[in-house]
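Computed from a predicted structure; not experimentally measured.
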There are 2 protein chains.
Amino acid sequence: MASVSMKDVASVAGVSTATVSHVLNGTRNVNDETREKVELAIKLLNYRVNSVGRTLRSGSSKIIGYVASNLSINFYMYIGRAITHVLSEAGYNIIYADSQEDPRIEKRNIQNMIQQNVDGLIIVPVNQDCSYLEQMIGDLCPCVFLARNPIGYESDAVLASNFEAVYESINLLIEKGHKNIGYMAAISNTTAIERLNGYKAALSDHNLPILDNIIKFGSGELESYKAQKLGNSYKLTGELMKNKDITALFISDGLSTVGAVNYLFTHHYHIPRDLAVITFDDAFWLSMTNPSFTVTEQDTEGLGRKSAEVLLNRIHNSENPYQVYRIPNKLIIRESC
Amino acid sequence: MASVSMKDVASVAGVSTATVSHVLNGTRNVNDETREKVELAIKLLNYRVNSVGRTLRSGSSKIIGYVASNLSINFYMYIGRAITHVLSEAGYNIIYADSQEDPRIEKRNIQNMIQQNVDGLIIVPVNQDCSYLEQMIGDLCPCVFLARNPIGYESDAVLASNFEAVYESINLLIEKGHKNIGYMAAISNTTAIERLNGYKAALSDHNLPILDNIIKFGSGELESYKAQKLGNSYKLTGELMKNKDITALFISDGLSTVGAVNYLFTHHYHIPRDLAVITFDDAFWLSMTNPSFTVTEQDTEGLGRKSAEVLLNRIHNSENPYQVYRIPNKLIIRESC
DNA sequence: TTGTATGCGTTATCAC
DNA sequence: GTGATAACGCATACAA
């Protein structure tokens, strides 16, 4: 509405808009006296740059879009904060979009951001198959994938070291004498496969058999986090635990954890006496249950920071070959194992 | 980079840019044949409108900004989804910004959004005192406050019915025979006062005394949600529970709940036998603890929907007097009372 | 039914 | 050291 433009500032200060612009951006030498006149006018009129005009003219919005599959999962919010921290330092503004696990919303979010002329994108894709993003993004803006390795789209990716994290966790259980270690996963995608491979490798390396009947994989359907508490993973855990030989359980994702823990508590498992448990991904409530849970925690700070840095590199130097970066987890030992 | 503009489309279709624009927006009659030529060119070139140009020219970005005090609290994300739902229907795009409970970040977020020419703002303010937003926002864009009633800034606000929700909860406890009902609050602001007044009114209406020594108020400092589990509310609950007359406890905000519940579990309170408990605000884990917790749940869907509607009204009709809207809570009875 | 031309607010290329 | 002026991509008033 009552918007003040550079023209107004220029007129009040008695200079040209070019001078105002240069004062604002420090892009050329300005006489001290002139500068002061301009700065006074800016204060007087309460002038703020219009980013839209600037973006149109300069071709750069200084905005980075963070499009996450599901922002109601704290994991992705914490990553967002780390991203924001790094990128603000570098002079960028960050806008968040929430895809709500819906590929159509994700598509719209990315479309919008591109139309807003974002200088870069950090994407947690809803689906593994990202080929449909190819013609949307193309070479319009650099783009880093986060937490999930995209299929059908060549780009940088920053991922947790899924294999190593699970390997380390299973190792711990084996060292404690467990031989029948159940494995629970709600989702099946390449990330889930990487984790499962860590499990299998750890068993193999200790000459333990891999028993298919104590590995439980969900349908791959994504349930909303809110609905999750009564969801599929509760049931899957029940089916898994019919096998009475199991003395330890590894829960391989945060979505499974809610239902699985709920099942174990409801059925009065004595942890860790009857059953040792380790879960993938920390959550604040996992340290306040009785017993508290041993977890392999993903490094949100590291993941966010790295993806921001990779994006910045890509923006400034678009010729390097694409690369996948791995951020190690951290094993946090609590009471459940 | 290889960005396609209306000019390119016009040239390929053999028409003027005006025609392309009108085809795109349906703003005037176009010959079927011409339209088809244009649409073909658009497909051929994979053309997408540039929102920046459109915004600059039209003065409207069709973007609404949602600036929340702390997006890692699920409550605010769920509200964001409801907002998004209503506003997408109305043809707006929504961008989220996370203030991380830091007024400086909030300020930057709002500043950015205004510079991006957003058509409206929905703000969960970090501080109660919003007078510093006055000169930033002014009449530059309509703005609805959410969840916290701003001081020093005249605007619409959409709030939970704090008074009634607590009144109803305390009523339930009184009906169950409780006379010494402890009250816990981590934060002290007008929202907290409203809730406390609901507590006091319920007691008064049943001719029960209001005992200051079983009411515990935090310092008002905001702790990060992540750090909260070991934070102030744990300690405050401990101090409160020194009073052995207390037979019921009302926890008046989600931030307190984490610490308070942690304290009660750690000290092996038998709930509800020794102590009946009701908390303000639901969270998924409150239904999977043992016992599960009775809560007065805030209606995120209603809060988000209403604030979006109020904003739309304000955008289309800016002359109505400002108003405060209240969205009722829902009492969900579980095992803790 | 369609085209031409202007301006939104800014930056950048000239010229002075 | 400073000022005109063009151009970014689009929508629209006006002309044809």
Side-chain angles (χ1 to χ4, degrees), chain A residues 1-39 41-42 45-63 91 112 114-119 140-141, chain B residues 1-39 41-42 45-63 91 112 114-119 140-141:
Chain A
M1 325 201 177
S3 191
V4 180
S5 79
M6 269 183 40
K7 234 191 219 163
D8 305 312
V9 174
S11 124
V12 166
V15 299
S16 72
T17 59
T19 302
V20 178
S21 172
H22 283 120
V23 168
L24 244 58
N25 301 309
T27 33
R28 81 177 174 197
N29 282 342
V30 184
N31 202 319
D32 281 353
E33 209 177 320
T34 323
R35 188 204 319 288
E36 279 163 23
K37 279 193 295 183
V38 172
E39 281 166 351
I42 289 176
L45 298 173
N46 192 26
Y47 165 80
R48 304 283 153 202
V49 238
N50 179 324
S51 306
V52 181
R54 172 178 286 180
T55 299
L56 183 59
R57 174 61 230 226
S58 70
S60 159
S61 62
K62 297 302 258 177
I63 298 179
N112 287 338
I114 289 177
Q115 291 181 10
Q116 300 300 330
N117 251 306
V118 292
D119 287 348
L140 288 178
C141 83
Chain B
M1 324 195 175
S3 191
V4 180
S5 77
M6 268 182 40
K7 231 190 222 163
D8 305 312
V9 175
S11 122
V12 167
V15 299
S16 73
T17 60
T19 301
V20 178
S21 172
H22 284 119
V23 167
L24 244 59
N25 300 309
T27 34
R28 82 176 172 198
N29 283 342
V30 183
N31 200 320
D32 281 353
E33 207 177 321
T34 322
R35 187 203 320 287
E36 279 164 22
K37 278 193 297 184
V38 172
E39 280 166 351
I42 288 177
L45 297 173
N46 192 25
Y47 167 78
R48 303 286 152 200
V49 224
N50 178 324
S51 306
V52 181
R54 172 178 285 181
T55 299
L56 185 58
R57 170 63 225 228
S58 70
S60 161
S61 62
K62 298 302 259 177
I63 298 179
N112 286 339
I114 289 176
Q115 291 180 10
Q116 299 300 329
N117 252 307
V118 293
D119 288 347
L140 288 178
C141 82

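The closest side-chain heavy-atom distance from N46(B) to V4(B) is not below 4.5 Å. Residues V12(B) and Y47(B) have side chains not in contact (no heavy-atom distance under 4.5 Å, counting atoms from C-beta outward). Residues N25(A) and R54(A) form a side-chain contact, since some pair of their non-hydrogen atoms from C-beta on lies under 4.5 Å apart. Considering only heavy atoms from C-beta on, T19(B) comes within 4.5 Å of R28(B) through its side chain. Between L24(A) and I42(A) there is a side-chain heavy-atom pair separated by less than 4.5 Å.
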Requested in this report: Kindly indicate, with the supporting measurements, whether the criterion side-chain contact (heavy atoms from CB on, under 4.5 Å) is fulfilled by S61(B) and Q116(B).
Outcome: CA-CA 8 Å; S61(B) 62; Q116(B) 299 300 329; over 6 Å; no
Report task. Show your reasoning for whether side-chain contact (heavy atoms from CB on, under 4.5 Å) applies to R35(B) and D32(B). Result -> CA-CA 5 Å; R35(B) 187 203 320 287; D32(B) 281 353; 3.7 Å; yes
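Atom-to-atom, CG of N50(A) to P of dC8(C) comes out at 12 Å; the value is rounded to the nearest Å. Counting to the nearest Å, the C1' atom of dG3(C) and the NE2 atom of H22(B) are 11 Å from each other. Atom-to-atom, CG of L56(B) to P of dT11(C) comes out at 12 Å; the value is rounded to the nearest Å. Atom pair D8(A):CG and dG7(C):P shows a separation of 16 Å (rounding to whole Å applied). Straight-line distance from the CG atom of N117(A) to the C1' atom of dT10(C): 14 Å, rounded to whole Å. Between the CZ atom of R35(B) and the C1' atom of dT2(C) there is a distance of 13 Å, given to the nearest Å. Straight-line distance from the CG atom of N31(B) to the P atom of dG3(C): 11 Å, rounded to whole Å. Summarising the geometry, the separation between CD on Q116(B) and P on dG9(C) is reported as 15 Å, rounded to the nearest angstrom.
The side-chain contact (heavy atoms from CB on, under 4.5 Å) with V23(A) is formed by just one residue from the set V9(A), V30(A), V15(A); it is V30(A).
Contact between the side-chain N/O atoms of R54(A) and the OP1/OP2 oxygens of dT11(C) is found at a separation under 4.0 Å.
The stretch residues 11-20 of chain A touches DNA chain C through A18(A), each having a heavy atom under 4.0 angstrom from the strand.
Summary of the strand contacts: R57(A) and T34(A) both lie near DNA chain D, and taking for each the nucleotide with the nearest heavy atom, the more 5' one is attributed to T34(A). Each of G53(B) and T27(B) was matched to the nucleotide of DNA chain D holding its nearest heavy atom; the match closer to the 5' end belongs to G53(B).
M6(B) comes within 4.0 angstrom of sugar-phosphate atoms only, judged by non-hydrogen atoms across all strands, and of no base. Nucleic acid contact for T55(A): none, since no nucleic acid atom lies under 4.0 Å from a heavy atom of the residue.
Here the nucleotide nearest the side chain of N25(A), chosen from dC8(C), dT11(C), dT1(C), is dT11(C).
With a heavy-atom cut-off of 4.0 Å to chain A, the contacted part of DNA chain D has its first and last nucleotide at dG1(D) to dG9(D).
Defining each end axis of the helix from dT1(C)-dA16(D) to dC16(C)-dG1(D) as the rotation carrying four pairs' C1' atoms onto the next four, with five pairs an end, the two axes are found to diverge by 50° to 10 degrees.
To the nearest 0.5 angstrom, N112(A) atom CG is 12.5 Å from K62(B) atom NZ. To the nearest 0.5 Å, atom OG of residue S51(B) and atom CG of residue L56(A) are 11.5 Å apart.
Summarising the geometry of K7(B) relative to T17(B), their closest heavy-atom pair is CA-CG2, 3.9 Å, with the distance given to 0.1 Å. Taking every heavy atom of both residues into account, V52(B) and N50(B) meet most closely at N-OD1, 2.7 Å.
Not a single donor-acceptor contact under 3.5 angstrom links the side-chain atoms of R28(B) to the base of dT1(C).
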